[in-house]
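Everything on this sheet refers to the single structure shown next.
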Amino acid sequence: MCGIAGILSKNIDLRERHTLIENISKSLKMRGPDGRGEFIKPYAALIHRRLSVIDPENGSQPMRFGKYTIVYNGEIYNTDEIRNELKSFGYSFNTHCDTEVILKAYHKWKEKSCEKLNGIFAYAIWDDEEKELFMCRDRIGVKPLYYAEKDGIFAFASRIKSLLLIPEITTDVDENGLNEIFMLGPAKTIGTAVFRDIKELPPATYMIYNSDSTEIKEYWRLEAREHTDGVDDTIEKTRFLVRDAIERQLVSDVPLCTFLSGGLDSSVISRVASDYYRENGAVLDTYSVDYTDNDKYFKKSLFQPNKDSDYIDLISSYIGSRHRNIVLDNKDVAHALIDSTLARNLPGFTDVDSSLLLFCKAVKEGHTVALSGECADEIFGGYPWYHNKDILFEETFPWSRSTDVRSSILKKGFLPNGEEYAHARYLETVAKASCLDSDTKTEKRMREMFRLNLDWFMQTLLVRKDVMSMESSLEVRVPFCDYRIVEYAYNMPWEIKSLDGREKGVLRKAFENELPYVITWRKKSPYPKTHNPVYFEEVCKMTEEVLKDKTSPLVEMLNVKKIEELMENPDALDAPWYGQLMRGPQVLAYIVQIYWWIKDNNVNFV
């Protein structure tokens with residue numbers, strides 16, 4: 001994994017922008033601490049920071065072939081197949097890395113080359129003869145890519161922060177940006193970056209940019225197709241696709257581990273990885289996260305019926321992994337809210353972000369690559385809102401069902417169009433869901449829910465995982481995001497997907513003979529959160545400091561009385577702000593993150 005950036009200019013000699021290029025490179029250092037490189041011409045500058053994973057001795061970037069130069073971030077999991085196909089056309093290779101394969105695939109097939117890639121990626125290829133830039137992003141949106149075009153400058157980068165270093169690009173945030181923060185956050189609309197001058201290249205698209213035009217095209221989309229496999233064949237194909245995705249992603253020339261929560265998804269990944277390692281005479285390392293004294297304060301709930309710690313030792317012993325449990329200090333988790341905000345460059349998923357940042361930093365002490373179980377819930381129907389019919393057919397985001405709870409923390413009349421803004425984003429998303437004429441009402445709605453989860457909830461988790469891991473110089477791979485699994489699951493009838501009336505029923509059946517029964521059929525439990533009151537007390541102190549700063553633009557936005565009520569009674573919210581567990585303490589933490597986002601970027605509200 002790496003960090004990439006680039007600047008194209010019609011009016012400025014980029015050879016004279018040494019300080020700017022140096023600062024952009026520094027802003028990407030945590031994404032790529034192992035090496036750096038630049039390609040600089042008067043009209044174009046490409047910047048790369050490298051985290052060495054495959055072929056550390058070679059594969060430096062920017063990499064050139066003929067008139068093309070590439071900067072690339074990601075991993076391609078079918079590299080060998082593409083390389084062999086290119087060899088059949090007479091291409092030769094000087095490295096073992098996937099960068100060279102992508103570059104020569106583009107030389108051979110141009111924009112059609114991205115359709116051949118199975119992996120997580122964001123890259124840019126500069127044509128020095130045609131003065132044209134090609135940029136592409138993976139189908140699911142695992143790796144980030146932002147861009148901006150203003151005053152004769154076109155720039156792109158893996159981080160928003162890198163683009164804000166360019167003087168021509170402002171920190172302006174308009175009403176739409178505020179609606180993204182307060183009415184949708186920590187999610188955001190695909191294609192946006194909250195800042196008015198910056199956009200996101202959407203997943204599954206490529207861009208062709210030259211001085212005359214900017215063209216964005218979709219190269220992949222989820223299409224509804226008839227599912228012709230019976231139940232047994234569906235179970236077997238699910239097992240094959242998941243196993244194949246995991247095994248492809250175990251390739252690494254540096255130490256690799258897995259995240260293990262004791263839940264179904266991470267246990268499946270760790271079991272397959274452990275088998276692979278054992279066959280090669282090695283032992284898999286696994287990691288879990290917990291919080292100081294969390295067992296002491298844990299309380300069962302509908303969304304969190306049991307503790308992960310009850311199951312982690314069981315599955316680790318079962319698969320024979322070398323396990324380490326990372327225990328986080330609650331005050332550290334609170335104060336890392338600031339670091340996680342600065343890393344994301346937007347307010348984020350509060351303690352879910354900050355704890356992951358600290359966890360990844362600890363894992364990085366021993367490993368460079370990890371596999372994680374994100375996104376199985378979105379793909380295989382794991383969340384409660386798939387199964388509660390009272391929620392299922394509501395015309396709203398199921399994880400954030402009403403904007404009332406959001407408006408309650410704002411001054412009356414602030415963002416008066418917020419509800420309409422959020423609902424419009426909902427309608428745009430469900431309209432994208434491809435359906436069959438033969439779909440029942442329930443099947444059609446499940447496709448819409450799949451699309452909603454893919455474009456919103458899943459994207460929030462993927463941004464979180466990418467930013468917090470890469471801020472720690474740790475590469476995290478997500479096997480359930482293999483697009484072949486996504487395509488197959490999209491067209492799987494709900495009665496098969498939810499076999500035995502269980503969330504992720506088909507996935508459970510696929511691996512029931514490879515895991516302990518209690519792991520396979522355990523009720524879903526979300527990412528572990530702290531239940532220790534020390535965390536809430538610390539967040540309240542941080543919120544008090546925010547409210548004391550009368551110079552902050554937040555003074556004109558927040559309903560201070562409501563904020564103080566939440567500090568007195570964290571259960572005062574009528575419903576979660578976002579997801580299953582983002583309630584009072586997390587809303588206060590989100591306000592802290594907004595405050596530091598504004599302060600760090602000197603945000604200008606227009």
Side-chain angles (χ1 to χ4, degrees), residues 111-112 114-118 120 136-142 187-192 200-207 215-230 233-234 237-238 241-242 245 375-383 385-387 389 391-399 422-462 478 480-498 503-507:
E111 64 270 16
K112 290 290 185 181
C114 53
E115 298 175 16
K116 292 181 172 286
L117 306 178
N118 179 356
I120 54 178
C136 187
R137 193 166 172 223
D138 68 74
R139 293 168 178 83
I140 310 302
V142 179
K188 68 173 186 61
T189 305
I190 285 178
T192 69
E200 172 192 57
L201 186 67
T205 65
Y206 63 80
M207 172 191 285
E215 181 182 38
I216 297 177
K217 286 192 173 182
E218 201 173 51
Y219 67 86
W220 176 84
R221 67 171 60 187
L222 273 178
E223 296 285 358
R225 295 185 176 90
E226 185 181 357
H227 186 85
T228 57
D229 292 340
D233 287 343
T234 301
K237 187 164 183 178
T238 298
L241 287 172
V242 171
C375 306
D377 289 307
E378 290 84 356
I379 294 164
F380 289 107
Y383 291 118
W385 46 76
Y386 278 102
H387 303 269
K389 291 188 177 179
I391 297 175
L392 179 62
F393 288 98
E394 286 184 343
E395 292 289 307
T396 186
F397 294 113
W399 51 83
H423 192 59
R425 303 292 83 74
Y426 164 83
L427 293 175
E428 290 168 0
T429 308
V430 295
K432 291 165 59 179
S434 174
C435 299
L436 297 176
D437 292 339
S438 59
D439 284 345
T440 64
K441 179 182 178 182
T442 297
E443 291 294 349
K444 182 176 186 295
R445 184 56 178 167
M446 287 303 178
R447 292 190 192 275
E448 292 174 347
M449 288 291 283
F450 194 110
R451 188 85 242 183
L452 286 166
N453 279 270
L454 186 73
D455 286 1
W456 290 90
F457 207 82
M458 194 158 123
Q459 290 300 313
T460 306
L461 294 177
L462 289 175
V478 279
F480 285 107
C481 282
D482 187 304
Y483 77 93
R484 300 169 302 160
I485 300 174
V486 175
E487 287 178 335
Y488 193 62
Y490 185 69
N491 289 299
M492 196 182 294
W494 180 245
E495 63 181 10
I496 297 181
K497 191 179 292 187
S498 58
E503 70 281 2
K504 297 183 288 191
V506 70
L507 184 63

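Since we're looking at a predicted model, the values are computed, not measured.
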The side-chain contact (heavy atoms from CB on, under 4.5 Å) partner of Tyr219 among Glu115, Lys112, Arg137 is Glu115

If only atom types and distance count, is the side chain of Arg451 paired as donor or acceptor with the main-chain N or O of Asp455 below 3.5 Å? no

Applying side chain to side chain contact (heavy atoms under 4.5 Å, CB included), can you list everything that pairs with Phe393, at least two apart in sequence or on another chain? Lys441, Thr442, Arg445

Cys375 SG to Leu462 CG distance, which is reported to the nearest 0.5 Å: 4.0 Å

Between Tyr426 and Leu452, is any pair of side-chain heavy atoms under 4.5 Å apart? yes

Does Tyr483 offer a backbone N or O that forms a donor-acceptor pair with the side chain of Arg139 under 3.5 Å? no

If you measure from the Lys or Arg side-chain nitrogens to the Asp or Glu carboxylate oxygens, is any gap between Glu428 and Lys432 under 4.0 Å? no

Atom CG in Leu222, atom CZ in Arg447: separation rounded to 0.5 Å? 9.5 Å

Atom CD in Glu215, atom OH in Tyr206: separation rounded to 0.5 Å? 6.0 Å

Quick one: ring-ring contact (aromatic ring centres under 6.0 Å, His included) pairs with a partner in residues 433-455, sequence neighbours left out? Phe450-Tyr490

Using the test side chain to side chain contact (heavy atoms under 4.5 Å, CB included), find all partners of Pro202 that sit at least two apart in sequence or belong to another chain. Ile190, Thr205

Taking the side chain from Lys497 and the backbone from Ala489, do they hold a donor-acceptor pair closer than 3.5 Å? yes

Going by the rule ring pair (Phe, Tyr, Trp, His ring centres under 6.0 Å), which residues pair with Tyr386 if we only count those two or more places apart in sequence or in a different chain? Trp494

Would you call Asp439 and Met446 a side-chain contact if the rule is heavy atoms closer than 4.5 Å? no

Looking only at non-hydrogen atoms, find the nearest pair between Asp229 and Asp233 and report the distance. CB-CB, 4.0 Å

Kindly write out the residues that satisfy ring pair (Phe, Tyr, Trp, His ring centres under 6.0 Å) with Phe457, not counting sequence neighbours, or none if the list is empty. Tyr383, Trp385, Trp399, Tyr578

Quick one, Lys188 with Gln459, criterion side chain to side chain contact (heavy atoms under 4.5 Å, CB included). Give me CA distance, side-chain angles, the key distance, then yes/no. CA-CA 8 Å; Lys188 68 173 186 61; Gln459 290 300 313; over 6 Å; no

Report the residues that fulfil side chain to side chain contact (heavy atoms under 4.5 Å, CB included) with Arg225, sequence neighbours left out, ordered by chain and then residue number. Glu223, Asn491

Between SG of Cys435 and NZ of Lys444, what distance do you get to the nearest 0.5 Å? 5.0 Å

So, taking the atom named CG in Leu117 and the one named SG in Cys136, what distance separates them when rounded to the nearest 0.5 Å? 7.0 Å

